[in-house]
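Notes for the one structure printed next.
This structure is a prediction, so every number in the text was calculated from the model and none was measured.
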Amino acid sequence: MKKLEVYLSQLIIGEMKMQYYPHILAVLFFIFFVLLGINPVDRSVWIIEVIPVVAVYLFLLATYKRFRFSNLSYTLMAVWLFWHTVGGHYTFANVPFDFITNLFDFQRNNFDRVGHLSVGFYAYPMAEFLTRKKYANAILASLFGLFFIMSIAAGYEIVEWAYAVIDGGNTGIEFLGSQGDIWDAQKDMLGDTIGAIMALVLFWFIRPDTKIFQ
C-alpha cells in the first residue's frame, strides 16, 4: 500500500519524467496570453486585469533558478493565470459561461467566483516553499499559506474598490465585477479561502517537502 501511495504521488507530481514541465507550461501560457491580448473586448479593462497576471508570471520566471517548485505547484498556479487571462479578455462578467449559469440556475455569471477559488490554490506553493526551505514545519506553513491567501484576498478587494471609485466609469465597474451583488467582495474572499483550504488539504496528502520529491 505504501509503495502504491508513493507511485501515485510521483505520477501526480511528475518530477522524475517531467523535468522541463515548467518551461513547457511557461511557453504555452505566453502564447495563450498573447493570443487573448490581441483583440480583447475592452482594452482598458484588459490592461488593468492583466497587471497581476504579468506580475506573477514574471516573478515565477525570475525566481525559477533560485527555487524550483514542484510540477503540481506550477500546475495549480497556472490555473489562475489561464483563468484570469480569459477573464481579462472578455471582462469577467461577460465571459461565455452560460452553460454553467443555466445548469445551476445562477442569477449572475460566476466565472469570477471560480477565478477566486483558483487564487486559493497558491496556498499550496506557499506551504511548499516554507517547508522545503525549512522556514516552518508543515502545520505553521499551512496556517501561513491560509492567512497569506486571506490577506491577498482582502487586499485585492480594497484595490478593486479604490480603482472603481477613482476611475468612476465603465472600466472601474467592470474591474470591480460585482454584477449588482452587494455581498460580492465577501463572497470573493470566501472563494479565495475555500480554494486555499482545498489546496492545503492536497498539500497534506501530497507533501512536496518529503524526500521522495527531492
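- Taken from CD1 in Ile149 to CE in Met189, the straight-line distance is 14.0 Å, to the nearest 0.5 Å.
- Rounding to the nearest 0.5 angstrom, the gap separating the OG1 atom in Thr91 from the CD1 atom in Ile48 is 14.0 Å.
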Step-by-step side-chain contact (heavy atoms from CB on, under 4.5 Å) determination, Val114 to Trp83: CA-CA 8 Å; Val114 181; Trp83 201 269; 3.5 Å; yes
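- With contacts defined as side-chain heavy-atom distances shorter than 4.5 Å, the pair Leu76/Leu202 qualifies.
- Rounding to the nearest 0.5 Å gives a distance of 9.5 Å between NE2 of His23 and CG of Leu61.
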Check against side-chain contact (heavy atoms from CB on, under 4.5 Å), Arg113 and Arg108: CA-CA 10 Å; Arg113 299 274 193 251; Arg108 71 190 292 280; 3.4 Å; yes
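- Other members of the cluster containing Ile166 do not exist, because no ILVMFWY side chain is joined to it at under 4.5 Å.
- Partners of Met77 by side chain to side chain contact (heavy atoms under 4.5 Å, CB included), not counting sequence neighbours, listed by chain and number: Leu60, Phe69, Ser73, Tyr74, Tyr122, Pro125.
- In this structure the side chain of Thr85 never reaches within 4.5 angstrom of the side chain of Phe82, judged on heavy atoms.
- Under the rule for a ring pair (Phe, Tyr, Trp, His ring centres under 6.0 Å), Phe121 has no partner lying at least two apart in sequence or in another chain.
- Counting only residues at least two apart or in different chains, side chain to side chain donor-acceptor pair (under 3.5 Å) contacts with residues 137-151 comprise Ser142-Trp204.
- Classification of the His84-Tyr156 ring pair by plane angle, with boundaries at 30° and 60°, yields perpendicular.
- For Asp42, there are no side-chain hydrogen bond (donor to acceptor under 3.5 Å, both in side chains) partners at least two apart in sequence or on another chain.
- Residues satisfying the side-chain hydrogen bond (donor to acceptor under 3.5 Å, both in side chains) test with Thr75, not counting sequence neighbours, are Tyr21.
- Between Tyr90 and Phe111, every side-chain heavy-atom pair lies at or beyond the 4.5 Å cut-off.
- Closest of all the heavy-atom pairs between Ala199 and Ala123 is CB-CB, 4.5 Å.
- Shown here for Asn109 and Ala93, the closest heavy-atom pair between the two residues is ND2-O, 3.3 Å.
- Here Tyr64 pairs with Arg68 under the side-chain hydrogen bond (donor to acceptor under 3.5 Å, both in side chains) rule; sequence neighbours left out.
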List, one per line, each side-chain donor-acceptor pair under 3.5 Å for residues 29-40, sequence neighbours excluded.
none

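- Under the 4.5 Å side-chain heavy-atom criterion for grouping Ile, Leu, Val, Met, Phe, Trp and Tyr, Trp80 is connected to Phe92 within one hydrophobic cluster.
- Scored by the side chain to side chain contact (heavy atoms under 4.5 Å, CB included) test, Ile158 finds Trp161 as partners (sequence neighbours excluded).
- Residues passing the side-chain hydrogen bond (donor to acceptor under 3.5 Å, both in side chains) test with His116 are Asp188, Asp192, sequence neighbours excluded.
- Between Ala196 and Leu146, the shortest heavy-atom contact is CB-CD1, 3.9 Å.
- Hydrophobic clustering, defined by side-chain heavy atoms of Ile, Leu, Val, Met, Phe, Trp and Tyr closer than 4.5 Å, groups Leu28 together with Ile24.
- The side-chain heavy atoms of Asn110 and Ile100, taken from C-beta on, include no pair separated by under 4.5 Å.
- Here the straight-line distance linking atom NZ of Lys187 with atom CD1 of Ile194 works out to 12.0 Å at 0.5 Å rounding.
- Counting heavy-atom neighbours within 6.0 Å of Leu143 CG, excluding the residue itself, gives a total above 12.
- Atom CG of Leu190 is separated from atom CG of Leu117 by 9.5 Å, given to the nearest 0.5 angstrom.
- Remark: Leu130 CG to Glu128 CD distance equals 10.0 Å, nearest 0.5 Å.
- The two residues Val95 and Gly87 have their closest heavy-atom pair at CG2-CA, 3.9 Å.
- Partners of Phe129 by ring pair (Phe, Tyr, Trp, His ring centres under 6.0 Å), not counting sequence neighbours, listed by chain and number: Phe67, Tyr135.
- By the rule that hydrophobic residues join a cluster once side-chain heavy atoms approach within less than 4.5 Å of another member, Leu140 and Leu200 end up as members of separate clusters.
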